[in-house]
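Just so we're on the same page: letters track the sequence lines, and every chain starts at 1.
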Amino acid sequence: MFVKLFQMDADITSIIEPLNEAQREAVTTASVPVLVLAGAGSGKTRVLVHRIAWLIQVEGVSPLSILAVTFTNKAANEMRGRIEDLLGIPAQGMWVGTFHGLAHRLLRMHWQEAKLQQNFQILDSQDQLALVKRIIKGLELDESRWPHKQAQWFINARKDEGVRPQNMDDGGDPVQRQLIRIYSAYHAACERGGLVDFGELLLRALEVLRDNKALLAHYRERFRHILVDEFQDTNTLQYSWLRLLAGDKIPVFAVGDDDQSIYGWRGAKIEHIQRFNKDFSETQMVRLEQNYRSTGTILSAANALIANNEGRLGKNLWTDGQEGELLQLYTAFNEQDEARFVGERVRTWVEQGGRRDDIAVLYRSNAQSRVFEENFIAMGIPYRVYGGLRFFERAEIKNALAYLRLTANPADDASFERVVNQPPRGIGARTMELVREQAQVDDSSLQQAAQQLLAQKRFTARAGNAVAGFLQLLQKLSEEIKSLPLHEAVEHINSQSGLLEHYGKEKGEKGQSRVDNLHELISAARGFHFDEAIHGEMSPLDAFLAHAALEAGEGQGEAWEDCVQMMTLHSAKGLEFPLVFLTGMEEGLFPHQMSLEEPGRLEEERRLCYVGITRARQQLILTCAERRRLHGTDRYNLPSQFVGELPNELIQEIRPQIPRSVGRFMHKPQPSHQRFAVEDDFPLQLGDRVAHQKFGEGVVTSCEGNGSHARVEVQFDQSGNKWLVLAYANLERLSA
DNA sequence: GCGACATTGTTTTTT
DNA sequence: ACAATGTCGC
């Protein structure tokens, strides 16, 4: 007894000691729902990990009855690793994973209850888009009137709301009616092909628990504690799933930061944080406000900026560390100059003994990276760009996987379409049209339809041969790889499908890198670990295919060289760097034009800026350009209103030495502590609606010059984009 | 079926 | 500007 108590004490110490007061409070609360408002850099992952350790080692909770959910695989892996480090044992049997990963696991275990095919395959968003496109074609809708992207967005939004096509009403709206038709046909195609998209994983997982009382009871019995990371990012479906699973007995431990909610545009609802206290009873709220990352100056700037948002739960970051250096602001002439400035600062940093991978160059949109890249290359500065195409999303990889999927599930029409003529084997549009038609008539898979047509000799001789060849190939492949270990199966597919040979013939570096990637796929298969706990009774092949869809892999290979890190603000969330460049701080770019139009969006942009600022540990440098070439035309942007919202005394301005260029800017009304005096009183503002005698109505999208040289760019509703000289154009202003 | 031209769309990204 | 599609003629 004594020994046991002593041991327990030791465990408690290691769990509790490294924590501050607030963290400790969160980690040790009794089993009630807890909402931890964790500011940037306040040790949120640490709190989650220590909470789990606390539950297991102090409260004696079995690891088997803990469910921990994150959004990204990276976060899930990190959490798992840190739990194992802290506990010193493998986190066996613990359900730690992403919403999608856990939903997938649930559906594989209960595919019958979920009314799925046992060998269902996962569609990633690319696959989904391709399928939607085909559905629209199949319904003989005009593709220009029914953009596939919009239809995809519609379908995903409905799934997020948990709405099925059969429960929808068009309310007499013809547009709605067609969209429902598309959704409906898409859904039917998925059902027949055994295909499940990302939204479907979540929705099915919700439905299967909701509609099976016994199953729900089982899981409520099993999971006694649920922990959620990045709670502000949950969408409606994810939140409903959590609530359903938690019922009113199981305490949810949610960690999030309303100020870092930056995914509203893809369905995340910040309101879930606010609803937490209403939806769960006897909740406890803990704020983590002590920041262990940034200097006092950086935190003051962040606090001042985010104070401009309304309806916050409220939080003020503080540190007991150094005040640190001032923020710096460089107003460049143009984007070239901006890149040059950043390059020089990188050089200085390195000369002073700093590491390049301690530096991040952040920007609002990916297109901005190019100028920086070109400049870094010219200056001989190694860099790494995050984001972009990921390994399992590459065309050659998806093609090889499609062959594999067809051997696993012959009904997978999405994969059939993908590789039927890849490499080219003489099966063209005409032939496929016939096959699709037949499939529709028979309500069968494309492969079956092709078989059918072949048997009935309904192809022309040439097409028939080609189709027969393809079907035989598929047949042969699925038989041959049955007995092979996974990586040999991949190797076999690569060579026998003709893909390898095909890409080998492709000229230039592109072909070579595709061949390399196909070889890399074999290594990925060899390195893939089948985990019985996760994959259950799936075949290794199915498990690998699911893994490929759910974990798209890295964008670029591992960088061994010490290089500058470049990424969008969105992908920087969760990371930290001693030196951060926040670039392109211009109105229209950041906040982005698209977000300026709807009111709620601006606050999200501000949160994005807040995220950017709080990435910096020691020094933060802001840059903007007076003139920027975007989509082929020069724009004269004002500095971002967010720069104006930062306290003057925290900023040191570094101005170009040469006199300013001729362009004068337009302005929007800015907060009172606006730091940029705008002297002219231009009669029009960005966003104004105007009418022109010849061109009709439009919106002012940019302005330059002043007096008699003043020009505005107007995006006309009918007549496109035009630059007009105000003195002659005789524009009529319609609204502010 | 393939290469040459035209058209289009350009915020953010995970799963 | 520019890349990534889509269309058209051979």
Side-chain angles (χ1 to χ4, degrees), chain A residues 69-76 97-104 122-130 133 137 143-144 147-150 156 159-160 196-203 205 230 233-235 237-238 261-268 335 362-371 386-390 392-393 395 421-432 462-463 466 546-553 555 567-574 584 588-598 601 604-605 607-609 611-612 628-635 720-721:
Chain A
V69 202
T70 63
F71 278 83
T72 65
N73 291 297
K74 199 171 148 207
T98 63
F99 277 102
H100 291 85
L102 297 172
H104 173 243
I122 301 170
L123 294 180
D124 68 16
S125 8
Q126 271 182 49
D127 302 333
Q128 186 191 34
L129 186 65
K133 214 186 274 183
K137 263 201 185 127
E143 285 157 77
S144 60
H148 37 258
K149 276 235 168 92
Q150 205 177 301
N156 289 334
K159 290 195 178 184
D160 262 9
V196 172
D197 62 45
F198 289 136
E200 190 70 26
L201 283 172
L202 299 176
L203 182 48
E230 304 279 16
D233 288 338
T234 45
N235 67 24
L237 221 37
Q238 290 159 334
S261 162
I262 55 175
Y263 287 110
W265 53 274
R266 63 173 201 221
E335 73 278 6
L362 307 183
Y363 35 79
R364 175 67 236 266
S365 59
N366 283 310
Q368 286 166 254
S369 75
R370 241 194 51 205
V371 186
Y386 286 78
L389 251 206
R390 321 248 293 281
F392 286 112
E393 290 168 357
N421 202 31
Q422 193 64 246
R425 49 170 71 84
I427 303 175
R430 205 50 262 225
T431 310
M432 275 310 290
R462 207 205 279 201
H547 164 82
L550 289 174
E551 222 170 311
M567 66 195 84
T568 62
L569 285 154
H570 282 89
S571 22
K573 191 165 82 152
L589 239 197
F590 184 34
H592 197 276
Q593 194 67 49
M594 299 265 189
S595 306
L596 283 167
E597 270 130 47
E598 292 158 78
R601 296 284 206 88
E604 183 157 307
E605 296 276 313
R607 292 193 290 269
L608 190 56
C609 186
V611 166
R628 183 179 294 273
R629 186 160 269 264
L630 201 62
H631 307 323
T633 41
D634 278 338
R635 305 208 154 234
N721 234 14

Peer 1: With A/Ser595, which residues qualify under side-chain hydrogen bond (donor to acceptor under 3.5 Å, both in side chains), at least two apart?
Peer 2: A/Glu605
Peer 1: Residues two or more places apart in sequence or in another chain: which of them pass ring-ring contact (aromatic ring centres under 6.0 Å, His included) with A/Tyr263?
Peer 2: A/Trp265, A/His570
Peer 1: What distance, rounded to whole Å, do you find between the two P atoms, one in B/dT11 and one in C/dA4?
Peer 2: 15 Å
Peer 1: In whole Å, measure the gap between the P atoms of C/dA3 and B/dT12 for me.
Peer 2: 16 Å
Peer 1: Can you confirm whether A/Glu335 sits close enough to A/Leu630 that some side-chain heavy atom of one is under 4.5 Å from a side-chain heavy atom of the other?
Peer 2: no
Peer 1: Provide, to the nearest angstrom, the distance between the CD atom belonging to A/Gln593 and the C1' atom belonging to B/dG9.
Peer 2: 16 Å
Peer 1: At a cut-off of 3.5 Å, list every protein nitrogen or oxygen paired with a nitrogen or oxygen from nucleotides 6-8 of chain B, distance to 0.1 Å.
Peer 2:
none

Peer 1: A/Leu550 and side-chain contact (heavy atoms from CB on, under 4.5 Å): which partner among A/Leu201, A/Asp124, A/Thr98?
Peer 2: A/Leu201
Peer 1: Using a heavy-atom cut-off of 4.0 Å across all strands, would you classify A/Leu123 as base, sugar-phosphate, or nothing?
Peer 2: nothing
Peer 1: For residues A/Leu589 and A/Gln368, determine if any side-chain heavy atom of one lies less than 4.5 Å from a side-chain heavy atom of the other.
Peer 2: yes
Peer 1: For nucleotides 3-10 of chain C, list the nitrogen or oxygen atoms of the protein found under 3.5 Å from its nitrogen or oxygen atoms, one pair per line.
Peer 2:
from	atom 1	to	atom 2	distance (Å)
C/dG6	OP1	A/Lys133	NZ	3.2

Peer 1: Starting at the 5' end of nucleotides 10-15 of chain B, put B wherever the base has a protein heavy atom under 4.0 Å, S where only the sugar-phosphate does, and a dash everywhere else.
Peer 2: BBBBBB
Peer 1: For the backbone of A/Glu393 and the side chain of A/Gln126, can you confirm whether one donor and one acceptor N or O come within less than 3.5 Å of each other?
Peer 2: yes
Peer 1: Looking only at heavy atoms, which two atoms of A/Arg629 and A/Asp634 are closest? And how far apart?
Peer 2: NE-OD1, 3.4 Å
Peer 1: Measure across A/Leu569 and A/Gly612 and return the closest heavy-atom pair with its distance rounded to 0.1 Å.
Peer 2: CD2-CA, 3.6 Å
Peer 1: Please tell me if the side chains of A/Gln238 and A/Phe71 come closer than 4.5 Å, counting only heavy atoms from C-beta onward.
Peer 2: yes
Peer 1: Please enumerate all residues that pass side chain to side chain contact (heavy atoms under 4.5 Å, CB included) together with A/Ala466, with sequence neighbours excluded.
Peer 2: A/Ile427
